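First comes the structure, then the notes that go with it.
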Protein chains: 2
Amino acid sequence: MTLAEKAYVDLRHDIIRGVLAPGRPLRLADLSERYGMGFSPLREALNRLQAERLVTAESLRGFRVAPLSLDELHDTVSLRILIETRALRAAIAEGDDAWAAGIVSALYALKLQAGRSGPDADIWALEARHHAFHLSLLAACNSPWTLEFVERLYAATERYRIPVLLDAGLAAGRDVQAEHSALADATLDRDADRAAALLEAHYLHTVEALTAAMRPEATEAVRARAAK
Amino acid sequence: MTLAEKAYVDLRHDIIRGVLAPGRPLRLADLSERYGMGFSPLREALNRLQAERLVTAESLRGFRVAPLSLDELHDTVSLRILIETRALRAAIAEGDDAWAAGIVSALYALKLQAGRSGPDADIWALEARHHAFHLSLLAACNSPWTLEFVERLYAATERYRIPVLLDAGLAAGRDVQAEHSALADATLDRDADRAAALLEAHYLHTVEALTAAMRPEATEAVRARAAK
DNA sequence: GCAATATGGATTTTCGAAAATTTTTGCATT
DNA sequence: AATGCAAAAATTTTCGAAAATCCATATTGC
């Protein structure tokens, strides 16, 4: 892996997880020290991230972590519902046994991690498996552009989820794993209407929870935590 | 505008128009001479274009213009229909007078250019106004991510259209301007169902024409022309 | 003859410094 | 005290060269 690729992976990682807070200026001297490399690979990574809307850039004034806003959250979620429900229908129509087995496998791994607590609990491992599960549902949709947009929207949405997730137990009376199981069941039953409806409900529940957590009075605390 | 921005604009332009043929290796020494700048700004532009899928990159093996394929064409068009019909419905629901006036203006300018022939005909001016017209329809959709994806899919699709467009008169018995007028009428009438159906038909006609032009026996000629 | 390996040139990648630009600071003037 | 301006500092952008890697060709050993 080249340094530029490493810079891209690490920066993306740190932006999505909120280690680099929204709006924060990304000064090359700082980044160079933090990631241990020269300006060139960093600038290449920043340009890629700019194209992905994870960072903003202004001529001769450098880069910043892209800001967050409730409007953007709603925008991304409604697009996710549109694109992912269609992809899910396509996958259900075209998926083979390997696709179905992939879903079963991803769901099982997700549940294992979700069931862990105490020292074995690992929010990042959980997030990775959550994302992998959702991707496994769509894997058979046979549309590279759809998967690309799904990945982009995932990254955009994840930035809103992380600060809330770190507030452990904000799942507030919601059994997320049950939603996942029901979604997998409907998908494996090839019941496209039911699966699409469950996927939509899943995302609407998520955005509801996030909106509640991001209400004006909560915003300050969330931002502050994300900045650490 | 910085050199890196200029490199991005120029490279994107040349890739979309087929001046740089699909699959062609993008060697830094060549690009440096062609665009009159050093490696740094070029690499930054290439990284942005990679994120946009207009170029491909392989570690330590440099960049290439992204290849074309009929499968990808169908993928992009079906996504455009999904995303743009939704955006069009949203715009119809929310658009104000300025939005409507923008459509009238863009359609008028498009027709002016489409009516020109001989020395005044300018395929690039026509394309620009065509794109501007389609954007004007969606301008009021109030969804930055939608407009971003629309722009990305436009660029991807345009690469398939250009070689065919240069074969003047391949509009083959199709009155494209009439389709635009009907689409604008339905939109200005706020008839969302009719407008969405017309938009979908418009894109399906386009992909049909392109598929016909790109049939195996035609592919060679198209590729050769694009390479110039 | 043929596979494996060395060699040289082409190419990408990275760095460090120079150039260009913005931002801050200090100072003088009103 | 506020304003305007100049110098200094900080920062981004770009270049040119060095380092690392890949690729084609020749050469060696069998």
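Quick caveat, the model's predicted, so the values are computed rather than measured. The chains referred to below are lettered A, B, ... by the order of the sequence lines, with proteins before strands, and numbering in each begins at 1.
Applying the salt bridge (charged side-chain N to carboxylate O under 4.0 Å, His left out) test to R80(A) and every residue at least two apart in sequence or in another chain returns E84(A).
Using a distance-only test at 3.5 Å, with no hydrogens or angles considered, no donor-acceptor pair links the side chain of Y8(A) to the main chain of N47(A). In this structure, T157(A) contributes its side chain and L153(A) its backbone to a donor-acceptor pair below 3.5 Å.
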Worksheet, complete the sentence: Reading nucleotides 11-24 of chain C from 5' to 3' and marking B where a protein heavy atom lies under 4.0 Å of the base, S where only the sugar-phosphate is that close, and - otherwise, the string is SBBBB-----SSS-
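Under 4.0 Å is where a charged nitrogen must lie from a carboxylate oxygen, and between R34(A) and D30(A) no such pair does.
Applying the salt bridge (charged side-chain N to carboxylate O under 4.0 Å, His left out) test to pairs two or more places apart or on separate chains, those with a residue in residues 49-65 of chain A are R12(A)-E52(A), R53(A)-E148(B).
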